[in-house]
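Note sheet for the following structure.
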Amino acid sequence: MADVILDIQNAVKRFGGLTAVNRVSTAIRRGEIRALIGPNGSGKTTLLNVISGIYAPEEGAILFEGAPIQGLFPYGVAWRGISRTFQNIRLFGNLSVIKNVMIGAHIQGKAGILQAILFPKHTREEEQKLRNKAESCLGFVGLEIDTAVKAASLSYGQRRLLEVARALASDPRLILLDETAAGLNPQEKRHLIDIIRKIRDKGITVLFVEHDMGVVMSVSDRITVLNFGSKIAEGTPDEIKTNQLVLEAYLGKENYAEVE
């Protein structure tokens with residue numbers, strides 16, 4: 001288990017009488033690209049929310065690099081080295097592109113409220129370092145645009161990339177991507193696949209939720225499948241695409257029988 005970066009142990013998350021995540025366990029190895037798939041409502045985003053601290057699990061444990069993180073607030077999880085994007089893009093539309101990415105980098109900053117108000121020399125130097133970091137992240141994802149323009153003025157695909165750049169700005173060791181390929185055209189999806197591989201090559205582990213099976217099968221090392229909140233399968237892309245439980249979950253038992 002020495003190379004396991006994220007260890008999810010019997011995680012449970014309930015909303016009233018609905019169990020959205022039902023005793024899910026999986027271990028993600030350092031440097032892995034892991035896909036999390038399943039039909040709509042299967043608990044994928046809820047599990048990401050549990051990992052990232054938006055929700056606290058009622059039961060189970062989430063270990064990051066061997067230390068428990070369940071119950072931490074999102075900023076505590078981010079400070080420990082986990083960043084994420086969201087299913088519905090969450091950017092500050094009235095802020096510039098560079099400011100949006102710098103927000104992600106500010107978790108590395110040391111300036112407090114007083115320094116931010118007085119803005120002494122060392123705080124200005126730190127701010128410039130964060131700006132340089134943000135520009136590097138924008139270049140990494142291939143977003144070569146005027147960084148002074150407002151985020152709201154970007155195209156949908158550019159906003160997706162901007163959110164990835166912001167997540168990378170905190171120098172995470174694990175990044176969570178929630179349906180980042182949704183709404184992208186084929187060329188943009190190919191570019192995203194290249195970025196995911198570059199992120200892994202940079203030494204960052206990737207856990208991503210995705211419905212596009214072309215993206216999933218082309219970039220994943222391993223795949224975890226959820227259905228009705230429970231894990232029903234896990235394995236390599238070749239193993240998953242021939243798994244009967246997975247095919248039934250996506251096609252339905254009657255349709256799967258017709259295919260067989």
Closest heavy-atom pair, Ile8 versus Ala11, reported as atoms and distance to 0.1 Å, is CG2-CB, 3.8 Å
Tell me whether Phe15 at atom CZ has more than 12 heavy atoms from other residues, nucleotides or ligands lying less than 6.0 Å away.
yes
Heavy atoms of other groups near Tyr156 OH, more than 12 under 6.0 Å
yes
Out of curiosity, Ser83 OG to Ile204 CD1, how far, rounded to the nearest 0.5 Å?
7.0 Å
Are Ile62 and Val12 in one and the same hydrophobic cluster, where Ile, Leu, Val, Met, Phe, Trp and Tyr link if side-chain heavy atoms are under 4.5 Å apart?
no
Do Val219 and Arg200 make a side-chain contact, defined as non-hydrogen atoms from C-beta onward lying under 4.5 Å apart?
no
Of all the heavy-atom pairs spanning Gly104 and Ser170, show the shortest one and how long it is.
O-CB, 3.4 Å
Is a side-chain N or O of Arg173 found less than 3.5 angstrom from the main chain of Arg80, in a donor-acceptor match?
yes
Leu184 with Leu168, same ILVMFWY side-chain cluster at under 4.5 Å
yes
Short question: side chain of Ser42, backbone of Phe228 - any donor-acceptor pair under 3.5 Å?
no
Charged N to carboxylate O under 4.0 angstrom, Arg29 versus Asp3?
yes
Do Phe140 and Phe208 sit in one hydrophobic cluster, given that two such residues count as connected whenever their side-chain heavy atoms are within less than 4.5 Å of each other, even indirectly?
yes
How about Ile69 and Ile82: do any of their side-chain heavy atoms sit closer than 4.5 Å?
yes
Rounding to 0.5 Å, atoms CD1 (Ile28) and CG (Leu174) come to a distance of 6.5 Å
Just verifying a value: how many Å separate Leu6 CG and Leu176 CG, rounded to the nearest 0.5 Å?
8.0 Å
Side chains of Glu234 and Thr224: do they bring a donor and an acceptor to under 3.5 Å?
yes
Do side-chain atoms of Asp221 reach the backbone of Ile33 as a donor and acceptor pair under 3.5 angstrom?
yes
So, Lys44 and Glu210, do they make that salt bridge, N to O below 4.0 Å?
no
Taking Ile145 as the starting point, is it possible to reach Ile195 by hopping between hydrophobic residues whose side chains are less than 4.5 Å apart?
yes
4.5 Å side-chain heavy-atom contact, Gln158 and Leu143:
yes
Where Cys137 and Ala169 come nearest, the two heavy atoms and their spacing:
SG-CA, 3.6 Å
Main-chain N/O of Ser25 paired with Lys231 side-chain donor or acceptor, under 3.5 Å:
yes
For Val21 and Leu226: C-alpha separation, side-chain torsions, deciding distance, then whether side-chain contact (heavy atoms from CB on, under 4.5 Å) applies.
CA-CA 9 Å; Val21 175; Leu226 300 184; 5.8 Å; no
Quick check: does any side chain N or O of Glu58 sit under 3.5 Å from a backbone N or O of Arg14, one acting as donor and the other as acceptor?
yes
Check whether more than 12 heavy atoms from other residues, nucleotides or ligands sit under 6.0 Å from atom CG of Asn94, and answer yes or no.
no
Does a side-chain heavy-atom distance below 4.5 Å link Gln9 with Leu63?
yes
Inter-residue atom distance Glu59.CD - Asn22.CG, 0.5 Å rounding:
9.0 Å
N/O donor-acceptor pair under 3.5 Å between His211 side chain and Ala181 backbone
no
Have Asn132 and Gln128 got a donor and an acceptor in their side chains that come within less than 3.5 Å?
yes
When you measure from the side chain of Thr242 to the backbone of Asp238, do you find a donor-acceptor pair of N or O atoms at a distance under 3.5 Å?
yes
With a 6.0 Å cut-off (strictly less than), is the heavy-atom count around NZ of Lys198, excluding the residue itself, greater than 12?
yes
Could you give the distance from CD1 (Ile175) to OG1 (Thr205), rounded to the nearest 0.5 Å?
10.5 Å
So Leu161 and Leu138, do their side chains get closer than 4.5 Å, heavy atoms only?
no
Check against side-chain contact (heavy atoms from CB on, under 4.5 Å), Thr26 and Arg34
CA-CA 11 Å; Thr26 189; Arg34 175 72 68 90; 2.8 Å; yes
Begin with the C-alpha distance, continue with both residues' side-chain angles, and end with the deciding distance and a verdict on side-chain contact (heavy atoms from CB on, under 4.5 Å) for Leu177 and Leu48.
CA-CA 9 Å; Leu177 305 176; Leu48 291 194; over 6 Å; no
Does any non-hydrogen side-chain atom of Phe64 lie less than 4.5 Å from one of Ile51?
no
Side chains of Leu91 and Arg166: does their closest heavy-atom pair fall under 4.5 Å?
yes
Distance-minimising heavy-atom pair for Ala151 and Asn100
CB-ND2, 3.5 Å
Cluster link Val101 to Ile89, ILVMFWY, side chain under 4.5 Å:
yes
To the nearest 0.5 angstrom, please state how far the CD atom of Glu135 sits from the CD1 atom of Ile98.
4.5 Å
So which atom in Lys150 and which in Ser153 form the shortest heavy-atom distance, rounded to 0.1 Å?
O-OG, 2.7 Å
Nearest heavy-atom neighbours spanning Met217 and Pro237
SD-CB, 3.6 Å
Walk me through whether Thr180 and Ile196 qualify under side-chain contact (heavy atoms from CB on, under 4.5 Å).
CA-CA 10 Å; Thr180 307; Ile196 292 174; over 6 Å; no
Asn49 side chain reached by Arg84 side chain, heavy atoms, under 4.5 Å:
yes
Give a yes or no on whether the backbone of Asp178 and the side-chain of Thr85 come within a donor-acceptor separation of less than 3.5 Å.
yes
Check whether any side-chain N or O of Ser218 sits under 3.5 Å from a backbone N or O of Val215 as a donor-acceptor pair, and report yes or no.
yes
